[in-house]
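Heads up, the thing below is written out as structure tokens.
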Amino acid sequence: MPNDSRLGFGLLGTGLIAPFHAKAMQASNVARLVGASDLYSDRLAKFAAEFQCREYASLDEMLRDPEVQVVGILTPNHLHVEAALKAARAGKHVLVEKPPAMSLREMDAMQEAFATASVKIGVVLQCRTRRAVQAIRKAILEGRFGKILHADAYMKWFRSSEYYQSDAWRAQRRAGAGVTIQQAFHYIDLLQYLVGPVKRVRAQMNNLTHPTIPVEDTVLAFVTYQNGAQGVVQASTALWPGTDIRIEVNGEFGTAIMVGERMDTWKFKDDRPEDDEIRHFGSAAVATGATGAAALGFHDHQAVIEDMVAAIARGGEPMITLSSVRPTLEWALAMYQSAKLDADVMLPLANEQDVW
Ligand SMILES: NC(=O)c1ccc[n+]([C@@H]2O[C@H](COP(=O)([O-])OP(=O)(O)OC[C@H]3O[C@@H](n4cnc5c(N)ncnc54)[C@H](O)[C@@H]3O)[C@@H](O)[C@H]2O)c1
């Protein structure tokens, strides 16, 4: 049963991803949706009626509500920073959708603002919470793979032209459109979280089947990690009907493959009793976004929201910190620079002004 101590959330943006946050809170005993705001009043009214929450005419109005302790920022990618800085100045915690910002300079400004205001910021990169991902990370930290040799992400997804036309920002580079920074960001982040940081990137970008948008729907990249491992990122929204993502990690002594959110392969030379259970982590029945933006479960979002509540309650950092996402953004930006220059790009990025 929910109790009165549930932390109050206000959501900025009631578009495609907002219902996933709202459903996650409906299912949660520690978080509750207080209200929301959107530029489109009809969209906001429909959302507020469906999820029984307050309507705010603006972010300022939301920030004045003492029942809102955390602001969920669910606006287009390039608009996250301004809203986050405003929320920090108002003394509110923030949970920001991915990518948190479009440049490293903005990430650093956010980091500083939240430290100054003594409020927390967490990022919604919900795939990190999957049991299969956590198992792979634990095995890496325990050295079960030995030397990591390969770490790859394959995202063969489909998004229709209607999806790209549903909001103008989905076709604008500087607003954060393009498969690399928008969809593949989750899986670049998983590789970064598991095996990063990256030393060198070589990327190629194309638009295969969405001629009405001036951004890439496909990216292919070769990667060298700082630890010497190699990897591939292959991501597309052009590949109908869309199949589950694959994250593959191969080391001297073991291989792990996650498909969607399910552990597909888990094999180590030092087979352990707990391995049988790990082989059954996740479920093929849980949708993870392959066939359309709405083909997604909300439980990963719930885990991120509840982790944020726990961080606020216990006074620590949330699981997905801004600083842990900075190298992911740097890697994605390096991919854009590499594709533009048709050359290898070394990290850290020498000049992020010039990536697009
Ligand atoms: N974690 C995930 O799996 C996942 C999935 C989809 C989208 N996202 C992220 O969520 C964010 C939103 O994506 P979306 O697909 O829902 O976009 P969307 O365009 O469907 O919704 C964004 C909403 O923000 C509103 N908005 C824009 N500016 C505003 C402002 N100044 N004040 C209030 N509202 C404003 C728009 O009117 C729109 O309703 C993006 O950052 C995206 O990357 C994350």
Side-chain angles (χ1 to χ4, degrees), residues 2 6-28 30-102 106 109-110 113-114 117 119-126 163 166-170 172 174-177 182 293-294 296 298 301-302 304-309 311-312 318 320 322:
R6 286 177 301 161
L7 215 62
F9 281 67
L11 297 181
L12 187 70
T14 57
L16 197 145
I17 200 62
F20 295 87
H21 285 253
K23 285 177 191 164
M25 283 187 255
Q26 279 177 337
S28 176
V30 296
R32 71 186 172 101
L33 178 59
V34 178
S37 187
D38 198 286
L39 293 181
Y40 294 105
S41 53
D42 52 341
R43 209 177 269 190
L44 173 60
K46 189 162 169 276
F47 179 85
E50 183 176 352
F51 295 104
Q52 296 290 297
C53 71
R54 295 175 195 160
E55 295 177 41
Y56 304 110
S58 65
L59 172 60
D60 289 323
E61 194 181 314
M62 182 192 301
L63 295 176
R64 283 196 293 272
D65 187 338
E67 286 187 41
V68 171
Q69 283 138 312
V70 186
V71 176
I73 300 183
L74 322 182
T75 50
N77 298 337
H78 65 308
L79 301 175
H80 294 171
V81 178
E82 194 188 334
L85 295 180
K86 214 171 191 184
R89 284 196 295 270
K92 307 285 186 184
H93 305 289
V94 161
L95 198 51
V96 60
E97 269 293 352
K98 44 49 63 171
M102 292 294 292
E106 289 172 327
M110 281 161 100
F114 279 78
V119 282
K120 296 182 197 308
I121 178 163
V123 184
V124 186
L125 279 161
Q126 73 274 12
Y163 162 81
S166 65
D167 263 290
W169 75 274
R170 296 194 199 285
Q172 293 165 5
R174 283 176 191 282
Q182 178 58 359
L296 198 65
F298 65 81
H301 273 81
Q302 188 178 342
V304 172
I305 288 168
E306 293 187 345
D307 170 75
M308 185 72 185
V309 173
I312 292 166
I320 307 163
L322 208 51

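If you're wondering where the values come from, they're calculated on a predicted model, not measured in any experiment.
- Contact check for Tyr40 versus Lys46: no side-chain heavy atoms found under the 4.5 Å cut-off.
- Here the closest heavy-atom approach between residue Val124 and residue Lys98 is recorded as O-CG, 3.2 Å.
- With a 4.5 Å cut-off on side-chain heavy atoms, Ser37 and Leu59 do not count as touching.
- The two residues Ala88 and Ala117 make their nearest non-hydrogen contact at O-CB, 3.4 Å.
- Rounding to the nearest 0.5 Å places CG of Leu44 at 4.5 Å from CD of Glu55.
- Gln302 has its side chain out of reach of Met25: every pair of non-hydrogen atoms, C-beta onward, lies at least 4.5 Å apart.
- Closest approach of Gly176 to Asn77, counting heavy atoms only: O-ND2, 2.9 Å.
- Phe47 meets the ring-ring contact (aromatic ring centres under 6.0 Å, His included) test with Phe51; sequence neighbours excluded.
- Applying the salt bridge (Lys or Arg N to Asp or Glu O under 4.0 Å) test to Lys86 and every residue at least two apart in sequence or in another chain returns Asp60.
- Atom CD1 of Ile305 and atom CD of Gln126 lie 10.0 Å apart (nearest 0.5 Å).
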Can you list, pair by pair, the side-chain donor-acceptor contacts under 3.5 Å of residues 7-21, counting residues two or more places apart and other chains?
| residue | atom | partner | partner atom | Å |
| --- | --- | --- | --- | --- |
| Thr14 | OG1 | Asp38 | OD2 | 3.1 |
| His21 | NE2 | Glu97 | OE2 | 2.8 |

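- Atom OG in Ser28 sits 13.5 Å away from atom NE2 in His301 (nearest 0.5 Å).
- Residues Tyr56 and Val68 meet the side-chain proximity criterion, which asks for heavy atoms closer than 4.5 Å.
- Counting all heavy atoms, side chain and backbone alike, Ala101 lies closest to Val81 at CB-CG2, 3.5 Å.
- Residue pairs meeting the salt bridge (Lys or Arg N to Asp or Glu O under 4.0 Å) criterion with at least one partner in residues 70-85, sequence neighbours excluded, are absent.
- Atoms CZ and CG, from Arg6 and Leu33 in turn, are 10.0 Å apart once rounded to the nearest 0.5 Å.
- Nearest approach of Cys53 to Ala36, heavy atoms of both residues: SG-N, 4.1 Å.
- With sequence neighbours left out, Lys120 forms a side chain to side chain donor-acceptor pair (under 3.5 Å) with no residue at all.
- Atom-to-atom distance recorded for Gln26:CD and Gln52:CD is 9.0 Å, nearest 0.5 angstrom.
- No side-chain donor-acceptor contact under 3.5 Å links His93 to the backbone of Gln69.
- A heavy-atom distance below 4.5 Å is found between the side chains of Pro100 and Met110.
- Once rounded to the nearest 0.5 Å, the distance linking CG of Leu74 with CG of Leu95 reads 8.5 Å.
- Contact record, Lys92 with Pro66: NZ-CA, 4.2 Å, taken as the closest heavy-atom pair.
- Remark: Glu67 engages Arg32, Arg54 in a side chain to side chain donor-acceptor pair (under 3.5 Å) (not counting sequence neighbours).
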